[in-house]
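Quick notes on the structure that follows.
A quick note: this is a predicted structure, and the numbers were derived from the prediction, not measured. We name chains A, B, ... by the order of the sequence lines, and we start the count at 1 in each one.
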2 protein chains.
Amino acid sequence: MADIHPEHAHIIEQTKANMPSEEILEKTAEVFKVFGDKTRIRILAALSEGEMCVCCLCDLLEMSQSAVSHQLSVLKSARLIKSRREGKQMYYSLDDAHIGAILCTGISHVEED
Amino acid sequence: MADIHPEHAHIIEQTKANMPSEEILEKTAEVFKVFGDKTRIRILAALSEGEMCVCCLCDLLEMSQSAVSHQLSVLKSARLIKSRREGKQMYYSLDDAHIGAILCTGISHVEED
DNA sequence: TGAACATATGAACAAACATTCATATGTTTT
DNA sequence: AAAACATATGAATGTTTGTTCATATGTTCA
């Protein structure tokens, strides 16, 4: 950490004052971290087309049931998806419209340029 | 991978057809991954208030110059920020308005509820 | 040119993480 | 109740990643 330049001090203070709290920023990073994995993004992209059971996701993603379940558990802990049981199967879906919106924002960013 | 249930086959096919390509999804995950770190989010939040030099960021974040520079380099490689030199100092800023928008989307998601 | 300053970068290390394998839990069907 | 099916989960493992330390690069000023 270098010494603070006096002429920069007020910029630093002002920026600090306008920024969201550390707690908000930390939680935001955690949310993005959950989006930041290929398998989880593929799951979210699939679920944004509608709810789907675990075995469908395994077939669609061509991944093992265990790997998919582990990531579903991560997504659910982060409240990005929710589940309901129907007989032997569990159906997963996006937790709310906001999740789809965040996903779309990221995808459009990639699609542009 | 379990056997595909015949009655699920068309759902899988249809979902697959509507989803973005694997390439897009992979790149999207990479973008979110860059957002998914507390230090980088704090840097982005600071820069969304305006451009800032490295030493200001170090003071603001109370982190070592090396740690900040390393993360600036990650952010720049991902084209989330850009830099310009002014004398001895490097000034960093968000690469475009889209980056601020993604950040805001994430922050609002956290701030709600 | 040399010293001081600002930033970048390579190597090393510890912590976090995604998948696999094996197995447990929960549900339906016979 | 037992077998079959669908999903969840713990432990182990290899990989990725963020920070630190040391040092290199680039710029200004005397």
Side-chain angles (χ1 to χ4, degrees), chain A residues 1-8 11-12 25-26 29-44 47 51-78 81-93, chain B residues 1-8 11-12 25-26 29-44 47 51-78 81-93:
Chain A
M1 248 173 299
D3 286 345
I4 299 182
H5 288 203
E7 72 269 29
H8 285 159
I11 295 183
I12 293 173
L25 291 177
E26 172 143 33
E30 289 309 310
V31 170
F32 281 128
K33 190 177 292 181
V34 178
F35 279 89
D37 174 79
K38 192 189 178 185
T39 296
R40 290 192 293 265
I41 282 284
R42 292 171 80 212
I43 292 175
L44 293 172
L47 296 185
E51 73 167 7
M52 200 169 286
C53 63
V54 179
C55 60
C56 276
L57 283 168
C58 293
D59 293 333
L60 175 58
L61 307 181
E62 298 182 77
M63 288 185 61
S64 75
Q65 180 267 315
S66 182
V68 171
S69 263
H70 274 295
Q71 297 308 331
L72 286 170
S73 144
V74 172
L75 289 165
K76 196 173 180 195
S77 298
I81 60 175
K82 60 192 174 189
S83 62
R84 76 180 174 84
R85 181 178 281 282
E86 188 175 307
K88 279 179 280 190
Q89 308 187 15
M90 290 291 273
Y91 282 83
Y92 283 89
S93 54
Chain B
M1 248 173 300
D3 285 346
I4 299 183
H5 289 203
E7 72 268 30
H8 286 159
I11 294 184
I12 294 173
L25 292 177
E26 175 143 33
E30 290 307 313
V31 170
F32 280 128
K33 189 177 292 181
V34 179
F35 279 89
D37 173 77
K38 192 190 178 186
T39 296
R40 290 192 293 265
I41 282 285
R42 293 171 79 214
I43 292 175
L44 293 172
L47 297 185
E51 74 168 5
M52 199 168 287
C53 63
V54 179
C55 58
C56 276
L57 284 168
C58 293
D59 293 333
L60 176 59
L61 307 181
E62 299 182 75
M63 288 185 61
S64 75
Q65 179 268 317
S66 181
V68 171
S69 263
H70 274 296
Q71 296 309 332
L72 285 170
S73 143
V74 171
L75 289 165
K76 195 173 180 194
S77 297
I81 60 175
K82 60 191 174 192
S83 61
R84 76 180 175 84
R85 181 178 280 281
E86 188 175 308
K88 281 181 278 191
Q89 309 186 16
M90 291 291 272
Y91 281 84
Y92 283 89
S93 55

Whole angstrom value for the distance that separates [atom2] of [N] from [atom1] of [X]:
X     : N      : atom1 : atom2 : answer
B:D37 : D:dT16 : CG    : P     : 17 Å
A:L75 : C:dC17 : CG    : P     : 14 Å
B:L57 : C:dA8  : CG    : P     : 10 Å
B:E30 : C:dA18 : CD    : C1'   : 14 Å
A:E86 : D:dT7  : CD    : P     : 11 Å
A:K38 : D:dT16 : NZ    : P     : 14 Å
A:I43 : D:dT7  : CD1   : P     : 13 Å
A:H8  : C:dA6  : NE2   : P     : 9 Å

Options [options], nucleotide nearest the side-chain atoms of [X]:
X     : options               : answer
A:H70 : D:dT9, D:dA8, D:dT20  : D:dT9
A:C55 : D:dT20, D:dT7, C:dT19 : D:dT7
A:C53 : D:dT7, C:dT20, D:dT19 : D:dT7
A:K88 : C:dA8, D:dT27, D:dC5  : D:dC5
B:S66 : D:dT19, D:dA6, D:dA22 : D:dA22
B:Q89 : C:dT7, C:dT19, D:dA8  : C:dT7

ring-ring contact (aromatic ring centres under 6.0 Å, His included) with A:Y92: which residues, sequence neighbours excluded?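 So A:Y92 forms no ring-ring contact (aromatic ring centres under 6.0 Å, His included) with any residue.
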Less than 4.5 Å apart, any side-chain heavy atom of [X] and any of [Y]?
X     : Y     : result
A:L72 : A:M90 : no
A:V68 : A:T39 : no
A:M63 : A:Q71 : no

Could you tell me whether the phosphate oxygens of [N], OP1 or OP2, come under 4.0 Å of any side-chain nitrogen or oxygen in [X]?
X     : N      : answer
A:R40 : C:dA18 : yes
A:Q65 : D:dA8  : no
B:S73 : C:dA8  : no
B:Y91 : C:dA6  : no
A:T39 : C:dT19 : yes

Among B:Q89, B:R84, B:K88, find the residue that satisfies the side chain to side chain donor-acceptor pair (under 3.5 Å) test when tested with B:E86. B:R84
B:S73 side-chain N/O to B:S69 backbone N/O, donor-acceptor pair under 3.5 Å: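 Judged by distance alone, no pair lies under 3.5 Å.
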For A:G87, is there any backbone N or O sitting under 3.5 Å from a side-chain donor or acceptor partner on A:R85? yes
Let me test you: for the helix from C:dT1-D:dA30 to C:dT30-D:dA1, what is the angle between the axes at its two ends (five pairs each), rounded to 10 degrees?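 Inter-axis angle at the termini of the helix from C:dT1-D:dA30 to C:dT30-D:dA1: 20°.
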Contact class for B:K33 vs. all strands (heavy atom < 4.0 Å): base, sugar-phosphate, or nothing? sugar-phosphate
Looking for any heavy atom pair under 4.0 Å, which part of the strands does A:K76 touch: base, sugar-phosphate only, or nothing?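 The residue A:K76 makes no contact with any strand.
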Going by the angle between their ring planes, with limits at 30° and 60°, are B:F35 and A:F32 parallel, tilted or perpendicular? tilted
5'-most contact on DNA chain C: B:M90 or A:V74, nearest heavy atom basis? B:M90
